[in-house]
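Data first, discussion second: the structure below is written as structure tokens.
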Number of protein chains: 2
Amino acid sequence: MTSPIEQACIDKSLKMTDQRRVIARVLSDAEDHPDVDEVHHRAVAIDARISLATVYRTLRLFEDSGIIQSHVFGGPRSRYEATDDDDHHDHLINVETGQVIEFFDEELEGLQEKIAARLGFRLVDHRLELYGKPVKPAPGNNKA
Amino acid sequence: MTSPIEQACIDKSLKMTDQRRVIARVLSDAEDHPDVDEVHHRAVAIDARISLATVYRTLRLFEDSGIIQSHVFGGPRSRYEATDDDDHHDHLINVETGQVIEFFDEELEGLQEKIAARLGFRLVDHRLELYGKPVKPAPGNNKA
DNA sequence: CTAATTGCAAATACTTTGCTGGCTG
DNA sequence: CAGCCAGCAAAGTATTTGCAATTAG
């Protein structure tokens, strides 16, 4: 009943309203990286009394609290995903479909810290997105 | 007299107007990563007859032509820099000052391609930004 | 009961675009 | 001289905010 993100809100003593609970659930259930409109749509499907302004306000609150993270991939709108301290990852965007694939590479993480250190900095955050075309055409595609 | 970016425009047979020449010069001279307003300011300082709309249109034209590249660092506005095929680099942002430092790391480049390949993609582009705090406090700071 | 939260609509910030006269090639 | 380009202001997006009513703790 209590979604992981709702629990995170409770842990941080955020005042829980029906709207926030619904938005928390939508974000917890999301397996993709929805933008504000998408979160709003999904939230309204659960409870119609949720305005877009509240979605914006809530997403900002959650992000400021470190509960979720925002990304700007190809398009103009910010997209969101739950923060999971045990599952840091970066993103690869399929430029043909827009699909976002998550990945993690230990070597890459270490290398970034090494580079920052070499430049005289301590790494506090990073953003890495790879944009790629699938090597193999989709099965059934016999264009070649 | 002819800035490198103006030359690139000529090579691509873009119609050169006074405005485009000025904007090309501003971008060629920029050692930082100015946003649209900043480019406009600098352009107007050279020739007052340049509107913001033209700056937007020209930056888009240059970007679509591959002559410049845009980035979205911390803030909301796109920032621009000349494309230099002989000088690919990524960016490290000093979170205390907002200063942008350019760097290049061969190993990192290769690793990204390897990761994309492992996931079944051919890397067509990437975006990497490191956010860091300076390791040494500013000289004169004796907080430690 | 008090302070935070919400919905609504208006306001903002950034960027794009329709139109008309002007300039490039 | 045909077609692209610039300026201007109006229109678009994406996001934020003021205000009065509502609700959580």
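Keep in mind that the numbers below use all heavy atoms, side chains included, and drop hydrogens, waters and symmetry copies. Just so we're on the same page: letters track the sequence lines, and every chain starts at 1.
Closest to the side chain of B/R60, out of D/dA24, D/dT15, C/dT16, is C/dT16.
A sub-4.0 Å separation between OP1 or OP2 of D/dA21 and a side-chain N or O of A/R49 is absent. Look at A/Q19 and you'll find a side-chain N or O under 4.0 angstrom from OP1 or OP2 of C/dG7. Taking side-chain N and O atoms only, B/T17 has a distance below 4.0 Å to OP1 or OP2 of D/dA6. Listed pair B/R20 / D/dC5 meets the phosphate criterion, a side-chain N or O lying under 4.0 Å from OP1 or OP2. Here B/S78 does not reach the OP1 or OP2 of C/dC14: none of its side-chain N or O atoms lies under 4.0 Å away. Listed pair A/Y56 / D/dT15 meets the phosphate criterion, a side-chain N or O lying under 4.0 Å from OP1 or OP2.
The two residues A/Q7 and A/T2 come nearest to each other via the heavy atoms OE1-CG2, 3.8 Å.
The residue among A/K15 and B/V55 whose nearest nucleotide of DNA chain D lies closer to the 5′ end is B/V55. DNA chain C is contacted by both A/T58 and B/R21; A/T58 maps to the nucleotide lying nearer its 5′ end (nearest heavy atom per residue). Taking the nucleotide of DNA chain C with the nearest heavy atom to each of B/M16 and B/V36, the more 5' of the two is matched to B/V36.
Looking at A/H71, its side chain never comes within 3.5 Å of a backbone N or O of A/Q69 through a donor-acceptor pair. Under a 3.5 Å cut-off, the side chain of B/S28 and the backbone N or O of B/I5 do form a donor-acceptor pair.
A salt bridge is absent between A/D105 and B/K114: the closest approach of a Lys/Arg side-chain nitrogen to an acidic carboxylate oxygen does not fall below 4.0 angstrom.
When heavy atoms are screened at a 4.0 angstrom cut-off, A/R57 is found touching base atoms of the nucleic acid.
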